[in-house]
Number of protein chains: 2
Amino acid sequence: MKNKLKVLRAENDMTQAQLADETGVSRQTINAIEKGKFDPSLPLAFKLARLFNRKIEDIFQDEND
Amino acid sequence: MKNKLKVLRAENDMTQAQLADETGVSRQTINAIEKGKFDPSLPLAFKLARLFNRKIEDIFQDEND
DNA sequence: TGTAAATGTCAAGTTTTATTTACATTTTAT
DNA sequence: ATAAAATGTAAATAAAACTTGACATTTACA
């Protein structure tokens, strides 16, 4: 699962730690998701989408589309 | 996490077993998600959205919106 | 150049979700 | 009314998300 978190963070001038803080997860979780090590839970995906004011599909792209 | 799976199944005349089959999970998993017992993984949410040609947000509604 | 902030990574452990199996209840249709 | 199909539910296990802590590397910038 690819994603645009790094770009969205840059656009919003946020660090991984800040994003982790705002979504209530650890910095390592944000880093791992950003690097594609695993997928976020659906609730976390919703939080991220809401925070950046985007659709989940605009942030995350399923490989097998 | 609420969802519209039951309605979407009805609109597409599908059983839980058929939906399970098409998304590669067990019928009980579909049933549990449909009844709100737990949330699908993000990949499964993508599969369901793709199958019904909807956005994830159109199928699933996070309670704390 | 040095140093602090940010990012990357890894291992071990906890929590949550998915899957399986099995059975009970409800719905549908004959 | 009865049989079959569909749905509901629960316990046990597997798998994945997430945490914690620690340390290494990279980036920014004084």
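Every chain is numbered from 1, with letters handed out A, B, ... down the list of sequences.
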How long is the line joining [atom1] of [X] and [atom2] of [N], in whole Å?
| X | N | atom1 | atom2 | value |
| --- | --- | --- | --- | --- |
| Leu44(B) | dA15(D) | CG | C1' | 14 Å |
| Asp21(B) | dT20(C) | CG | C1' | 16 Å |
| Asn12(B) | dA6(D) | CG | C1' | 17 Å |
| Ile33(A) | dC18(D) | CD1 | C1' | 9 Å |
| Leu48(A) | dC18(D) | CG | C1' | 13 Å |
| Leu19(A) | dC18(D) | CG | P | 13 Å |
| Ile30(B) | dT20(C) | CD1 | P | 13 Å |
| Asp39(A) | dA15(D) | CG | P | 17 Å |

Tell me whether the OP1 or OP2 atom of dA16(D) has a side-chain N or O from Ser41(B) closer than 4.0 Å.
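No, outside the criterion.
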Is any side-chain N or O of Ser26(A) closer than 4.0 Å to OP1 or OP2 of dT19(D)?
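Yes, because at least one side-chain N or O of Ser26(A) sits under 4.0 Å from OP1 or OP2 of dT19(D).
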Taking the side chain from Asp62(A) and the backbone from Lys47(B), do they hold a donor-acceptor pair closer than 3.5 Å?
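Flag not set: sc Asp62(A) to bb Lys47(B) has no pair under 3.5 Å.
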Tell me which pairs pass salt bridge (Lys or Arg N to Asp or Glu O under 4.0 Å) where either residue lies in residues 19-29 of chain A, with sequence neighbours left out.
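Found none.
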Would you mind building the protein contact string for nucleotides 3-9 of chain C? One character per nucleotide, 5' to 3', B for base within reach (heavy atoms under 4.0 Å), S for sugar-phosphate only, - for untouched.
---SBBB
For dA30(D), the Watson-Crick or wobble counterpart (both distances under 3.5 Å)
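dT1(C) is the nucleotide pairing with dA30(D).
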Is there a side-chain contact (heavy atoms from CB on, under 4.5 Å) between Phe52(A) and Lys4(A) once you walk through the steps?
CA-CA 11 Å; Phe52(A) 291 124; Lys4(A) 299 200 168 84; over 6 Å; no
Distance (rounded to the nearest 0.5 Å) between Met14(B) CE and Leu19(B) CG:
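Result: 5.0 Å between the selected atoms.
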For residues 35-44 of chain B, tabulate all N or O donor-acceptor pairs below 3.5 Å that involve a side-chain atom, not counting sequence neighbours.
unit_1, atom_1, unit_2, atom_2, d
Ser41(B), OG, Leu44(B), N, 3.2

So which of Leu8(B), Thr23(B), Asn12(B), Ile59(B) actually passes side chain to side chain contact (heavy atoms under 4.5 Å, CB included) with Leu51(B)?
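The single option meeting the side chain to side chain contact (heavy atoms under 4.5 Å, CB included) with Leu51(B) is Thr23(B).
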Test log, rule side-chain contact (heavy atoms from CB on, under 4.5 Å), inputs Phe60(B) and Leu48(B)
CA-CA 10 Å; Phe60(B) 298 94; Leu48(B) 290 164; 3.9 Å; yes
